[in-house]
There are 2 protein chains.
Amino acid sequence: MKEQAIDYYAHQAKMYVATDCIVFGFDEGDLKLLIFKRRVDPNKGAWSLIGSFVELEEDVDDAARRVLEEITGLDKVFFEQSKTYGKAERDYGYRCISVAQYALVRVDEYDKELVEKHGAFWYTVKDLPKLVLDHDDMVKDALDKLRRKARYQPIGFELLPEKFTIPQLQSLYEAIYQRELDPRNFRKKVLSLNVLKKLNEKDKTTSKRGAYLYTFDYKNYQKLLLSGFNFEI
Amino acid sequence: MKEQAIDYYAHQAKMYVATDCIVFGFDEGDLKLLIFKRRVDPNKGAWSLIGSFVELEEDVDDAARRVLEEITGLDKVFFEQSKTYGKAERDYGYRCISVAQYALVRVDEYDKELVEKHGAFWYTVKDLPKLVLDHDDMVKDALDKLRRKARYQPIGFELLPEKFTIPQLQSLYEAIYQRELDPRNFRKKVLSLNVLKKLNEKDKTTSKRGAYLYTFDYKNYQKLLLSGFNFEI
DNA sequence: TATAATAAATGTATGTTTTACGTTTATTGT
DNA sequence: ACAATAAACGTAAAACATACATTTATTATA
């Protein structure tokens with residue numbers, strides 16, 4: 001019986017399996033993406049997402065975490081699968097499929113030296129250079145997913161520091177959706193969800209009056225989920 | 001330079017790549033799933049999704065279409081990637097990742113003989129048997145995707161015959177969401193989208209009065225998309 | 001020390017969508 | 001002719017979204 005099983009697998013094709021990370025960050029009012037200049041052939045010198053081959057004994061998801069940590073020093077990052085790119089001809093000359101995963105990173109936390117050392121840069125999503133292979137598609141698809149997801153799941157908070165103001169949160173959503181939101185309505189909506197904890201601290205970097213800082217209230221969010229209501233901005 | 005490229009790939013691991021299809025159908029008021037009893041080892045005799053290894057020169061998406069056609073005789077089926085399952089230990093003894101894709105099939109169109117010949121059956125989603133490997137997760141995840149997607153994209157129509165009544169459409173949505181909908185509000189909502197063409201024909205199988213048949217109006221749907229409005233039930 | 005400037009915070013009126021439920025209509029089998 | 005039944009239509013109240021005006025806290029500077 002074991003013989004038969006081995007037989008069944010034996011004459012099947014094997015392929016390279018890679019994972020590529022679409023790493024989003026939010027800085028200075030803009031949605032950013034972490035990309036780097038390839039240092040090995042093929043396509044040496046071209047702009048690329050960060051990625052890696054998946055090792056034989058490694059979960060695909062872990063491979064993505066490994067690469068991201070190598071380059072930013074961050075572990076415990078929000079990760080989600082975007083899509084798998086499996087066209088036979090996508091990687092010239094080699095059969096390689098890639099599982100794209102997007103990550104949301106707090107720009108105040110990553111290791112700047114490490115990022116620089118690896119030749120990586122934060123680029124504004126609006127004016128990215130051309131990327132290698134099908135990486136442009138990967139970015140486009142991941143952005144779509146991010147936008148869709150951000151509407152009904154509180155993932156935006158993964159991109160902000162622990163403490164943030166409501167105008168900052170608004171600015172993030174404006175960057176994600178690429179359109180202006182009404183500050184009065186935005187505040188009303190977001191506060192009505194009851195998932196923000198108001199702190200007794202103000203951020204005064206953008207105004208004399210200062211804006212109150214908030215944190216995301218994970219406990220209340222769990223309650224919200226259980227009660228059947230859903231987060232929607 | 002080519003040398004260097006070859007080198008780069010040469011010492012990377014290769015894996016088996018499979019695709020599994022979560023095939024949804026709608027029949028007798030229930031959401032159904034096409035599963036079959038495995039005829040080869042490993043796991044001979046266990047219930048499984050239909051699937052296949054991806055061939056060396058074949059797009060991953062095409063592999064899914066190939067399997068589905070082999071088993072149902074159907075081509076031109078709605079397909080969408082669900083998720084890739086890439087745990088190192090998911091397939092005992094062999095490193096094999098699987099790209100799960102869900103398909104929506106019109107139950108009145110598939111080739112019954114062919115399905116039977118392959119040992120496949122339509123099971124109500126509500127009481128599926130235990131499936132091999134991580135196929136239970138695949139079904140659960142695909143159902144989530146289907147539910148989410150059906151809310152803002154008119155994919156439900158892929159599961160109904162060309163001509164359908166509004167009560168039938170409602171019954172489909174009730175099966176997808178596993179909850180009852182108000183027939184008056186459902187009708188109002190779905191008609192307000194302007195994507196249904198009313199025919200001069202009735203279906204009299206469920207009532208003496210008969211219900212008008214409709215078709216999906218792809219042209220108006222395109223207009224709806226362009227105008228920025230969106231389909232939401 | 002009074003005042004100007006500025007972003008933050010609060011408020012309100014109107015229009016739109018959703019929800020919950022009652023009534024009428026077309027058809028057929030008795 | 002009439003009872004039975006699903007289909008189709010209608011309406012009132014509540015919830016939510018949108019558009020826009022005003023007040024407030026703070027600091028720099030006149």
Side-chain angles (χ1 to χ4, degrees), chain A residues 28-29 147 150-152 154 160-161 163-215 224 227-233, chain B residues 28-29 147 150-152 154 160-161 163-215 224 227-233:
Chain A
E28 295 170 353
R147 286 186 176 131
R151 280 198 70 81
Y152 59 85
L160 290 173
K163 301 174 182 181
F164 52 86
T165 68
I166 292 185
Q168 277 165 19
L169 184 62
Q170 178 180 340
S171 156
L172 167 61
Y173 274 89
E174 291 182 330
I176 292 177
Y177 295 119
Q178 290 294 305
R179 70 187 174 89
E180 302 214 330
L181 302 170
D182 182 287
R184 294 155 290 191
N185 295 338
F186 181 83
R187 175 181 298 268
K188 217 184 311 173
K189 184 75 221 252
V190 82
L191 286 176
S192 77
L193 298 169
N194 270 307
V195 292
L196 296 189
K197 247 194 297 224
K198 187 175 182 173
L199 303 177
N200 228 330
E201 272 177 86
K202 284 186 165 187
D203 173 303
K204 296 205 171 173
T205 54
T206 50
S207 82
K208 292 161 185 175
R209 182 181 177 174
Y212 278 103
L213 287 163
Y214 289 79
T215 53
L224 185 77
S227 79
F229 278 98
N230 63 335
F231 178 94
E232 199 169 320
I233 286 186
Chain B
E28 294 169 354
R147 286 189 176 127
R151 280 197 69 81
Y152 59 87
L160 291 172
K163 300 174 182 181
F164 53 87
T165 69
I166 291 184
Q168 278 165 17
L169 184 62
Q170 179 180 338
S171 156
L172 167 62
Y173 275 89
E174 291 182 330
I176 292 178
Y177 294 118
Q178 289 294 305
R179 69 185 176 90
E180 302 213 329
L181 301 171
D182 182 287
R184 294 154 290 189
N185 294 338
F186 181 83
R187 176 183 297 273
K188 219 184 310 173
K189 183 78 222 248
V190 82
L191 286 176
S192 77
L193 298 169
N194 271 307
V195 291
L196 296 188
K197 245 194 297 224
K198 188 176 183 173
L199 303 177
N200 229 330
E201 271 177 89
K202 282 185 167 186
D203 172 302
K204 297 208 170 170
T205 55
T206 50
S207 82
K208 293 161 184 173
R209 181 181 179 175
Y212 279 103
L213 288 163
Y214 290 78
T215 53
L224 184 76
S227 79
F229 278 97
N230 63 332
F231 178 96
E232 197 169 321
I233 283 186

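Below, chain A is the first sequence line, B the second, and so on; all start at residue 1.
dA7(D) atom C1' lies 13 Å from atom CG of Leu213(B), rounded to whole Å. Atom CD in Glu232(A) sits about 8 Å away from atom P in dA17(D), given to the nearest Å. Between the C1' atom of dT11(D) and the CZ atom of Arg187(B) lies a distance of 17 Å, rounded to the nearest Å. Across the protein-nucleic acid pair, Ile233(A) atom CD1 and dC16(D) atom P stand 15 Å apart, rounded to whole Å.
Under the side chain to side chain contact (heavy atoms under 4.5 Å, CB included) criterion, Arg184(A) pairs with Asp182(A), not counting sequence neighbours.
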Interface polar pairs with nucleotides 20-24 of chain D, N/O, under 3.5 angstrom:
from	atom 1	to	atom 2	distance (Å)
dC20(D)	N4	Arg184(A)	NE	2.9
dA21(D)	N7	Arg184(A)	NH1	2.5
dA21(D)	N6	Arg184(A)	NE	3.3
dA21(D)	N6	Arg184(A)	NH1	3.0
dT24(D)	O2	Arg209(A)	NH1	2.5

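Of all non-hydrogen atoms in Lys163(A) and Glu201(A), the two that sit nearest each other are NZ-OE2, 2.9 Å. Ser171(B) approaches Gly29(B) most closely through the heavy-atom pair OG-CA, 3.8 Å. Of all heavy-atom pairs between Ala150(A) and Ile176(A), the closest is CB-CD1, 4.4 Å.
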Return a table of donor-acceptor pairs under 3.5 angstrom between the side chains of residues 187-196 of chain A and protein atoms on other chains or two or more places apart.
from	atom 1	to	atom 2	distance (Å)
Lys188(A)	NZ	Asn185(A)	OD1	3.4
Lys189(A)	NZ	Glu232(A)	O	2.9
Ser192(A)	OG	Lys189(A)	O	2.7

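Here the CD atom belonging to Glu174(A) is positioned 10.0 Å from the CG atom belonging to Leu169(A), to the nearest 0.5 angstrom. Note: Leu213(B) CG to Lys198(B) NZ = 11.0 Å, rounded to the nearest 0.5 Å. We find the CZ-CG distance between Phe164(B) and Asp203(B) to be 12.0 Å, quoted to the nearest 0.5 Å. Note that CD of Glu180(A) and CD of Gln170(A) are 8.5 Å apart. Values are rounded to the nearest 0.5 Å.
The stretch residues 195-208 of chain B touches DNA chain D through Thr206(B), Ser207(B), Lys208(B), each having a heavy atom within less than 4.0 Å of the strand.
Reading DNA chain C from its 5' end, the first and the last nucleotide to sit under 4.0 Å from a heavy atom of chain A are dA5(C) to dT12(C).
Direction of the helix axis in the helix from dT1(C)-dA30(D) to dT30(C)-dA1(D) shifts by 10° between the two five-pair termini, rounded to 10°.
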Dump the intermediate steps for side-chain contact (heavy atoms from CB on, under 4.5 Å) on Phe231(B) and Tyr152(B), then the final yes or no.
CA-CA 5 Å; Phe231(B) 178 96; Tyr152(B) 59 87; 5.7 Å; no

With side-chain contact (heavy atoms from CB on, under 4.5 Å) as the test, would you mind laying out the steps for Leu181(A) and Arg179(A) before giving the verdict?
CA-CA 7 Å; Leu181(A) 302 170; Arg179(A) 70 187 174 89; 3.8 Å; yes

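The main-chain N or O of Tyr177(B) is never found under 3.5 Å from a side-chain atom of Arg147(B) such that the two would form a donor-acceptor pair.
At most 12 heavy atoms of other shown residues, nucleotides or ligands fall within 6.0 angstrom of atom OH in Tyr212(A).
Counting non-hydrogen atoms under 4.0 angstrom, Pro183(B) reaches nothing in the nucleic acid.
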